[in-house]
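Written below as structure tokens is the structure these notes are about.
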Protein chains: 2
Amino acid sequence: MAAYDHPDPATFELTLVLRALADPARLEIVRHLERVGEANCATLIGTRPKSSMSHHFQVLRDSGVLRTRIEGVQHRNSLRREELDMRFPGLLTAILNAP
Amino acid sequence: MAAYDHPDPATFELTLVLRALADPARLEIVRHLERVGEANCATLIGTRPKSSMSHHFQVLRDSGVLRTRIEGVQHRNSLRREELDMRFPGLLTAILNAP
DNA sequence: TGCCTTGTTCGATTATTGTCGAACAATATG
DNA sequence: CATATTGTTCGACAATAATCGAACAAGGCA
């Protein structure tokens, strides 16, 4: 498997990031990643099928919210916190702290 | 015309607010309101028809982002900044400051 | 009253997104 | 090599949301 494309922070688009985070499943993924730091897709699948999760990860990745590192057969995801903070200061923090 | 229903800040939902702001037209409305404080719908209509704008205002109103005050035949809109800040500290500021 | 202004509502259409099974690809492991 | 594990891709369908014209409602004013 080839490595993923991750957008450059300078090209992060606010509306893309907001759209990515405006979904309950994806917000759950992001909150989980904040707690555990890094996680592969499988550990994040609740009741949803793999293909749905794969889709959500792609949306999050394409918007710049998370990065995916491939290690063997596993895809390890983590938040792009610093990069997001640099481009949109305070945004991710506000969202993660929100009720 | 009867007054609008505005949700109570305690019931603001993060995903609703993010969805409301994850649209270019609505983000534009919000940015404009930040500049001018209060504005009626007509002054915010660019090229879009009235019915589309009315829809966007409703989405913003229902999520708690703005309030609409009726004065005669005009509907004056303004951001619910304090209420949003109370429920989601830093969120609106981060979004308004974003590039 | 008649008319103009402001904005909503309705209904239809289109566009965008989410969902999910099935097939596939890549890697590890027996 | 055969098989299990991890996740993607494809395609079809469903659900949600945006767009916009036309008709309507309410208020102000001549």
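Chain letters run A, B, ... following the sequence lines, proteins first, then strands; residues in each count from 1.
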Length of the line joining B/N77:CG and C/dT6:P, which is rounded to integer Å: 14 Å

Residue of the set A/R81, A/R67, A/R69 for which salt bridge (Lys or Arg N to Asp or Glu O under 4.0 Å) holds with A/E38: A/R69

Options D/dT9, D/dA22, D/dG7, nucleotide nearest the side-chain atoms of A/A42: D/dG7

No-H, no-angle donor-acceptor pair, A/S52 side chain to C/dG18 base, under 3.5 Å: no

Closest to side chain of A/S51, choosing from C/dA22, D/dC20, D/dG7: C/dA22

Main-chain N/O of B/L96 paired to B/R31 side chain as donor or acceptor, under 3.5 Å: yes

is_close_aromatic(A/H75, A/Y4), centroid dist under 6.0 Å: yes

Listed nucleotide nearest any side-chain atom of A/Q74, set D/dT6, D/dA18, C/dT6: D/dT6

A/M53 CE to D/dT5 C1', straight-line distance once rounded to whole Å: 17 Å

Sugar-phosphate, base or nothing in reach of A/R61, heavy atoms under 4.0 Å: sugar-phosphate

Touch class at under 4.0 angstrom, heavy-atom based, for A/R26 against every strand present: sugar-phosphate

Spacing of B/F57 atom CZ relative to C/dT8 atom P, expressed in whole Å: 8 Å

Pair of N/O donor and acceptor under 3.5 Å linking C/dG7 base with B/S54 side chain: no

N or O in side chain of A/R48 less than 4.0 angstrom from C/dC20 OP1/OP2: no

Atom-pair distance (CG on B/L21; C1' on D/dA17), nearest Å: 16 Å

Which residue lies more 5' along DNA chain C, comparing B/K50 with A/R19 via nearest heavy atoms: B/K50

Pairwise distance OG(B/S54) to CZ(B/R48) - rounded to 0.5 angstrom: 14.0 Å

Gap between atoms CG and C1', on A/L44 and D/dT8 respectively (whole Å): 16 Å

A/R26 side chain vs A/H56 backbone, donor-acceptor pair below 3.5 Å: no

Atom-pair distance (CD on B/E71; P on D/dA26), nearest Å: 19 Å

Atom CG of A/D5: over 12 foreign heavy atoms under 6.0 Å: no

Spacing between B/L66 atom CG and C/dG7 atom C1', to the nearest angstrom: 14 Å

Residue whose closest nucleotide on DNA chain D lies nearer the 5' end, A/V73 versus A/H55: A/V73

A/P49, nearest nucleotide to its side chain (from C/dG21, C/dG18, D/dG7): C/dG21

Per B/N40 side chain, nearest of listed nucleotides D/dA18, D/dT9, C/dG7: C/dG7

Short side-chain N/O contact to C/dG18 OP1/OP2 from A/H56, under 4.0 Å: no

A/R69 CZ - C/dT27 P separation (whole Å): 16 Å

